Amino acid sequence: EELGLDGPPGGPNDHSTTTWASNWTDAPVASADDNATQFNWYRTVAIDAGFVSVGESVRFSADGLEWTEVDLPVDGNVDSVMPLGESIVVFVGGMAGESEQFQLDVATMTWTSIAIEGLPANFSIDQTSEGAATFFEVDASAVNGENMFFRTVGTAEVDGFGIELNTEVSGGSASASYTVTDIATGEVISSESSDLVGSSDSPFEFAEETYDVDGGEGLTFLDPETGELILEMSFDDITFVDIDENGEPIDGPSVIDAQPEPVFPARWLVASNGTTWIVDQLSEAIEEPSEDGLMENEIGSMATNDGVVLISRSDGTFLRYDLN
């Protein structure tokens, strides 16, 4: 059956979204937001003063229509955000799984670094509510890659140039490098190395990812002396090979003397009323399910109200914390 549709609606890209806002009586109005894509903004939460969207940076809106953007205080990825009265607490994670906590005062759009005593060194946020968050404790050696080594080598020949890309993870650190060579003369046109891997920005000064190479993703390389474009190439042109610590090709990362992670890691709570903080371990790590297939002491959903945190457990009981 012909539906009369020629294609998706026009827009800046196929993944663009529009935010709409309204009070209880008026018709919804489109937000004045020119850059709200599902890649840039992954979560919007309500706080006493309005709304906060979190992604590559943080934005605040008092009415859901006009937005003010503020950059994150450090490089990293937002693991989660916890509403706290008229402010928010963001958990910013690095490549190695560590987390820093910052509080944003939306009235002044200023960040304050906060030190929450008692948090595990490595964790992943599970769920958040007003003034509270639960999280999984993560094995530091697994997250930091202390037991892992891998090196990925990518090679390609494009427009008379030979390209080699190297990424290496070893002992919890990561590095990357590239070399662009003129095949005819053997001259190295551009070469860089960096240990700033994992940032949202390119770790290199003269090379970066692009999302518009033959309709797909790729890389661009610039001349270090002139800044002019050397070449643009698609990721499809690159052949990647994984190398182990002995220099042998392998299928995936090489894990050295790694200990198996628990089936279900330990769960924790962090909560605050703005002045008092609570950090408490909710359950131990579970190596395997019980005979009936259940996770004993498994933590369920969480709710907060007026400084009280209530957490359900799989056995039908509740944990109650009173921040007042």
Side-chain angles (χ1 to χ4, degrees), residues 38 41-48 51-55 58 76-94 96-104 114-144 259-324:
Q38 65 182 22
W41 312 105
Y42 75 86
R43 188 179 180 196
T44 300
V45 297
I47 61 175
D48 290 350
F51 305 93
V52 175
S53 279
V54 180
V58 175
N77 300 310
V78 176
D79 190 17
S80 192
V81 55
M82 185 178 81
L84 187 60
E86 295 193 359
S87 67
I88 62 166
V89 174
V90 297
F91 298 84
V92 180
E98 72 280 3
S99 178
E100 296 180 82
Q101 298 82 51
F102 298 90
Q103 187 167 347
L104 174 65
I114 55 177
I116 305 176
E117 298 294 333
L119 288 177
N122 301 86
F123 59 87
S124 176
I125 297 292
D126 171 34
Q127 55 184 324
T128 61
S129 184
E130 170 67 32
T134 60
F135 54 91
F136 298 98
E137 184 175 359
V138 181
D139 176 32
S141 64
V143 173
N144 292 331
Q259 299 297 319
E261 292 192 64
V263 173
F264 206 78
R267 299 281 289 281
W268 288 70
L269 167 73
V270 57
S272 176
N273 59 6
T275 56
T276 301
W277 287 86
I278 290 177
V279 176
D280 194 27
Q281 184 171 349
L282 303 175
S283 67
E284 299 288 341
I286 301 171
E287 300 298 333
E288 58 185 22
S290 60
E291 293 182 358
D292 55 8
L294 297 176
M295 294 292 187
E296 300 295 337
N297 298 324
E298 183 177 345
I299 301 302
S301 59
M302 173 182 64
T304 59
N305 184 28
D306 196 23
V308 175
V309 182
L310 201 62
I311 302 172
S312 65
R313 292 161 54 111
S314 60
D315 59 5
T317 62
F318 290 88
L319 299 172
R320 184 181 186 275
Y321 294 83
D322 191 340
L323 291 161
N324 301 313

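All figures in this text were calculated on a predicted structure; none of them were measured in a lab. Below, all heavy atoms of this structure are taken into account, side chains as well, without hydrogens, waters or symmetry copies.
In this structure, R313 is not positioned above the aromatic face of F318 in the sense of NZ or CZ being under 6.0 Å from the six-membered ring centre and within 45° of the axis.
Within 6.0 Å of the CG atom in N324, the count of heavy atoms belonging to other residues, nucleotides or ligands exceeds 12.
From L119, atom CG reaches atom CD of E137 across 10.5 Å, with rounding to the nearest 0.5 Å. If you take CD on Q101 and OG on S272, they are separated by 12.0 Å, rounding to the nearest 0.5 Å. Separating the CD1 atom in I311 from the OG1 atom in T134 is a distance of 6.5 Å, to the nearest 0.5 Å. For the atom pair CG of D280 and CD1 of I278, the computed distance is 8.0 Å after rounding to the nearest 0.5 Å. Interatomic distance, I88 CD1 to F51 CZ, rounded to the nearest 0.5 Å: 14.0 Å. The structure places CG of L310 at 11.0 Å from CG of D322, a figure rounded to the nearest 0.5 Å.
A donor-acceptor contact shorter than 3.5 Å is absent between the side chain of T276 and the backbone of N273. Judged by distance alone, with hydrogens and angles left aside, the side-chain atoms of S129 form no donor-acceptor pair with the main-chain N or O of A303 at under 3.5 Å.
V90 is not listed as a side-chain neighbour of L104, based on a closest heavy-atom distance of 4.5 Å or more. Using a 4.5 Å cut-off on side-chain heavy atoms (C-beta onward), M82 and I125 make no contact. No side-chain heavy atom of L269 sits less than 4.5 Å from a side-chain heavy atom of L319.
The nearest pair of heavy atoms linking I47 to S87 is CG2-O, 3.8 Å. Nearest heavy-atom pair, P83 versus A46, reported as atom, atom and distance to 0.1 Å: CB-O, 3.8 Å. Closest approach of L84 and G131 over heavy atoms only: CD1-CA, 3.9 Å. Taking each heavy atom of A132 and V309 in turn, the nearest pair found is CB-CG2, 4.0 Å. The shortest non-hydrogen separation linking R267 to I299 is NH1-O, 3.4 Å. The two residues Q127 and M302 come nearest to each other via the heavy atoms OE1-N, 3.5 Å.
No hydrogens or angles considered: nothing links the side chains of E117 and W277 as a donor-acceptor pair under 3.5 Å.
In this pair, W268 and F135 present their aromatic rings parallel. The plane angle is below 30°, not in the 30 to 60° band.
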Apply the test side chain to side chain donor-acceptor pair (under 3.5 Å) to residues E130 and T304: give CA-CA distance (whole Å), side-chain angles for both, the deciding distance (0.1 Å), then the verdict. CA-CA 6 Å; E130 170 67 32; T304 59; over 6 Å; no
Any chance you could lay out the side-chain contact (heavy atoms from CB on, under 4.5 Å) test for V81 and T128, step after step, and finish with the verdict? CA-CA 7 Å; V81 55; T128 61; 5.7 Å; no
Apply side-chain contact (heavy atoms from CB on, under 4.5 Å) to V270 and F123, showing your working. CA-CA 12 Å; V270 57; F123 59 87; over 6 Å; no
